[in-house]
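These values consider heavy atoms only, across backbone and side chains, with no hydrogens, waters or symmetry-generated copies. The sequence lines fix the lettering, A, B, ..., with proteins before strands; numbering per chain opens at 1.
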There are 2 protein chains.
Amino acid sequence: MVIARASIASRLREILPPDRVIDDETTLLPYAYDASFWSLRKRRLPDVVVVPDSGAEVASVVRVAAETGTPIVARGAGTGQTGGAVAARGGIVVSFARMRRVLEIDRTDLQVVAEPGVVFADLTAALAPFGLFFPPDPGSGRACTIGGMVANNASGPHAVKWGTTSAYVLGAEVVLADGSVIVTGGERSKALKSSSGIDLTKLFVGSEGTLGILTRLRLRAQPRPPARAVVLAAYEDLDDTVRTIDDLFAAGILPATAELLDRTAVEALMKWRPDLGLPTGEAVLFVEVEGTRASVSSSVSEVEDIVKKRAQVTQRAEEEAAIQRLWQARGGLAAASSLVFPGKHRIFAGEDLSVPISEIPRAIRRAREIGAETRTSVIFYGHFGDGNVHSAIVIDPTDADQVRRADELADRLHRLALEVGGTVTGEHGTGAVRQRYMALEHGAAYEVMKRIKATLDPHGIMNPGKLFEAAD
Amino acid sequence: MVIARASIASRLREILPPDRVIDDETTLLPYAYDASFWSLRKRRLPDVVVVPDSGAEVASVVRVAAETGTPIVARGAGTGQTGGAVAARGGIVVSFARMRRVLEIDRTDLQVVAEPGVVFADLTAALAPFGLFFPPDPGSGRACTIGGMVANNASGPHAVKWGTTSAYVLGAEVVLADGSVIVTGGERSKALKSSSGIDLTKLFVGSEGTLGILTRLRLRAQPRPPARAVVLAAYEDLDDTVRTIDDLFAAGILPATAELLDRTAVEALMKWRPDLGLPTGEAVLFVEVEGTRASVSSSVSEVEDIVKKRAQVTQRAEEEAAIQRLWQARGGLAAASSLVFPGKHRIFAGEDLSVPISEIPRAIRRAREIGAETRTSVIFYGHFGDGNVHSAIVIDPTDADQVRRADELADRLHRLALEVGGTVTGEHGTGAVRQRYMALEHGAAYEVMKRIKATLDPHGIMNPGKLFEAAD
């Protein structure tokens with residue numbers, strides 16, 4: 001392996017400047033991990049990390065991988081929670097750290113062209129002066145890259161109204177497994193919609209680097225609504241949260257977000273940020289509406305009137321500063337969870353159930369029982385309006401028995417999601433950690449996925465050990 | 001061929017009741033056509049039409065096709081404009097006339113399960129009592145089927161805000177080329193979003209029956225906004241329409257629709273329906289906003305204030321009856337066009353350019369010149385807010401010289417769309433008529449499309465002569 005590594009690295013140094021080909025073990029170390037608990041349990045070093053500067057350089061690197069049969073794995077910020085950016089079988093990691101340019105922003109045509117290494121927060125900042133935004137808003141948005149978001153079909157609270165990343169990818173430059181390059185969505189297109197050919201773009205979205213490597217993205221941006229307001233509502237009965245969301249739908253209102261915090265999440269947040277004065281109850285809903293200033297001030301009243309019918313308490317936040325404080329608090333939930341359970345940490349495992357909205361109460365109640373049965377602490381929160389329930393498992397990861405019980409809990413949570421008509425992952429992806437559920441979730445369709453994989457990557461070099469086959 | 005036909009038909013009568021296997025030439029005749037001019041020019045009879053009642057029956061029919069190497073083509077209402085539902089190489093047409101059941105509507109979970117033969121208007125009517133709607137709204141909505149919409153990734157005026165059909169397909173039962181059946185989007189899933197596996201659903205959306213036949217659809221429905229209002233604006237300068245739409249974007253407003261009628265379209269409509277009192281100008285924009293009653297009444301004022309800055313005239317329609325009258329008129333444009341050109345008919349050929357919004361004025365001006373150069377009448381209208389410009393070519397189809405010139409015009413319009421950074425089809429599909437532009441539009445990506453086709457349909461029986469290969 002050491003010989004192979006040296007030989008691949010020297011091949012790569014023929015096509016990239018030597019300082020952009022990394023193969024000393026100390027520098028390789030961070031690339032062995034992402035945010036998944038899976039990656040923390042066993043060190044998986046790549047053989048080489050390359051830091052290309054252009055799509056052409058990525059293509060050259062892929063050609064070396066193809067010629068030598070070396071696994072190749074694309075990596076953005078490494079914030080993923082499924083091991084997607086970790087080289088499960090060694091080989092080459094392609095870092096997009098240098099490919100973080102926003103190449104074009106065009107307001108009239110509602111689109112932006114960007115390299116995959118652009119950080120979501122940087123894209124947001126670049127779009128702001130144009131009055132535009134990129135709607136999918138993952139919790140890791142301050143660090144994660146657009147390429148990673150596209151690879152995982154990421155989303156976040158605003159997917160309720162705006163949908164997931166998939167809806168905003170108009171086209172992409174993709175390096176295929178043989179090092180050839182295609183452009184999906186029309187070679188020279190800036191069209192906002194198309195029914196031309198079959199939709200290769202959406203095949204690559206969410207394929208986690210297993211079918212090709214994205215090197216340039218053509219994205220749809222949206223005009224940013226100038227105003228928003230939040231209604232916070234506390235409930236004693238979890239079922240009433242579903243009734244409220246249905247009341248809103250019945251009134252023809254699709255809120256921008258409908259976030260859910262269960263009692264444990266509210267408690268965690270209140271320990272961390274008592275200044276927020278969150279209402280308490282069995283569950284808290286966090287309903288945001290957006291629009292022009294005048295339209296928001298009327299729609300927030302309509303929403304509050306509807307929510308009041310079933311909630312014990314409602315509060316309204318209309319000042320932007322107050323709204324931002326709420327969202328920052330919501331974003332700090334992972335950090336807050338360790339305050340409730342001193343000496344423990346949140347691990348990412350079984351954390352991304354997505355179930356039918358109507359099944360959320362039953363799923364959470366059953367998940368709490370499983371938590372009790374496995375004697376493991378879990379905090380529930382999530383994007384209620386699209387059924388995405390995050391379960392934050394909190395353990396001492398140095399305690400083997402706690403780890404064993406967390407493994408059991410995570411496994412049962414995945415199966416629970418499928419039992420109630422959901423999916424094992426709403427927005428985080430399959431990666432290494434959820435491959436084992438693919439046959440159960442997709443049945444015969446999983447075999448079709450594998451046929452497409454075999455067609456586009458016949459030698460299995462693109463991110464092996466993920467999605468299509470077990471990692472270990 | 002007659003022998004083959006009789007033999008296939010008798011095989012099919014072993015698996016379907018005899019009256020649902022059609023092979024007499026008179027009854028087959030309507031199946032030789034769709035709305036495309038291509039289909040009207042040469043009669044392409046299928047050998048057999050079957051009218052299955054279930055996905056299982058469709059699968060049995062596909063197995064017969066697979067065993068005998070017979071082409072098989074799915075057909076909804078036959079309203080398509082590309083020859084997609086016509087058996088270019090004979091064989092079996094699968095009619096969905098009996099598979100028009102809405103199987104489940106669930107408001108809380110925002111979804112509906114339907115058979116592909118459900119007519120769009122019937123789906124709309126079925127959803128209305130729940131306060132839901134299915135946003136993509138093709139012009140043929142009174143007749144076209146949901147299956148056809150999914151197969152072509154159809155859309156309509158409201159795609160500006162709501163996106164195309166692709167965004168609303170959560171999963172599908174699909175019969176593959178060997179007659180096996182898969183369910184995409186999770187075998188038992190009712191989840192609203194998922195990052196599990198690769199996205200097979202969106203691969204089948206827009207694939208026009210060339211990769212598999214859809215037999216059940218799981219669709220996302222949306223809460224229907226209870227109110228809407230329209231601002232009509234007339235312009236003397238086509239470029240000002242783009243400036244207005246950019247003004248709206250800059251104000252953070254994404255309207256529900258931004259329809260464009262050029263001078264010829266307004267003239268046609270005014271001959272047909274003088275009672276509408278449309279404003280006249282070089283172009284008319286038709287901007288709709290939606291929301292709750294209170295929010296619409298404020299947002300329509302904001303929109304009108306912005307539109308007024310550049311438009312010569314603005315009018316507002318806030319009463320639902322008046323708005324419906326406008327939309328009905330807009331829907332009658334094809335009929336109206338023959339009033340302007342007595343003795344001529346609109347043909348569907350080169351009618352679905354989609355270009356960057358900023359390029360619409362240039363594209364229309366250039367298209368008018370090409371119309372003049374080919375001495376052929378064209379009316380322009382379309383979904384301005386997403387760049388989709390429909391060009392209604394109006395000729396006497398019995399006049400060979402007019403037909404020849406229309407062919408030249410259609411060809412040049414397709415090439416014009418690509419020259420200005422657009423696509424040859426925004427929402428109508430590729431079918432038989434646009435296959436010739438695929439390599440030009442998609443370059444090397446077209447070869448990848450073909451590789452996926454070969455994987456899923458190795459013997460080329462699924463709707464041959466479309467999208468991947470020339471029809472004749």
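- Evaluation of the side chain to side chain contact (heavy atoms under 4.5 Å, CB included) rule for B/Ala294 yields A/Ser298, A/Glu302 as partners, not counting sequence neighbours.
- Note on A/Leu132, A/Leu254, A/Asp199: by heavy-atom pairs under 4.5 Å with chain B, the leading option is A/Leu254.
- Of the two parts of A/Val181, only the backbone, made up of N, CA, C and O, holds a non-hydrogen atom closer than 4.5 Å to a non-hydrogen atom of chain B.
- The 12-atom threshold is exceeded at CZ of A/Arg451, counting heavy atoms of other residues, nucleotides or ligands nearer than 6.0 Å.
- Between the side chains of B/Asn152 and A/Ser195, not a single donor N or O lies within less than 3.5 Å of an accepting N or O.
- Contact of the B/Lys453 side chain with the B/Leu211 side chain is registered, since non-hydrogen atoms from C-beta on lie closer than 4.5 Å.
- Proximity to chain B (any heavy atom under 4.5 Å) is restricted, for A/Glu208, to the side chain, taken from C-beta onward.
- With respect to chain A, the highest number of heavy-atom pairs below 4.5 Å among B/Gln111, B/Glu187, B/Glu359 belongs to B/Glu187.
- Residues of residues 434-449 of chain A having a heavy atom under 4.5 Å from any heavy atom of chain B, listed by number: A/Met438, A/Leu440, A/Glu441, A/His442, A/Gly443, A/Ala444, A/Ala445, A/Val448, A/Met449.
- Taking a 6.0 Å sphere around CZ of B/Arg293, one finds it holds 12 or fewer heavy atoms contributed by other residues, nucleotides or ligands.
- Interface check for chain A: of the options B/Ile357, B/Leu192, B/Asp246, B/Ile452, the most heavy-atom pairs under 4.5 Å are formed by B/Asp246.
- Contacts with chain A (heavy atom to heavy atom, under 4.5 Å) involve these residues of residues 165-176 of chain B, listed by number: B/Ser166, B/Leu176.
- Ranked by non-hydrogen atom pairs under 4.5 Å with chain B, the options A/Ala154, A/Ser196, A/Pro356 are led by A/Ser196.
- Looking only at heavy-atom pairs under 4.5 Å with chain B, the residue among A/Glu427, A/Lys466, A/Arg188 that has the most is A/Glu427.
- Using a 3.5 Å distance cut-off with no hydrogens or angles, the side chains of B/Asp352 and B/Thr425 do pair a donor with an acceptor.
- With a 4.5 angstrom heavy-atom cutoff, A/Val420 does not touch chain B via any of its atoms.
- For B/Lys190, the salt bridge (Lys or Arg N to Asp or Glu O under 4.0 Å) partners two or more places apart in sequence, or in a different chain, are B/Glu104, B/Asp106, B/Asp109.
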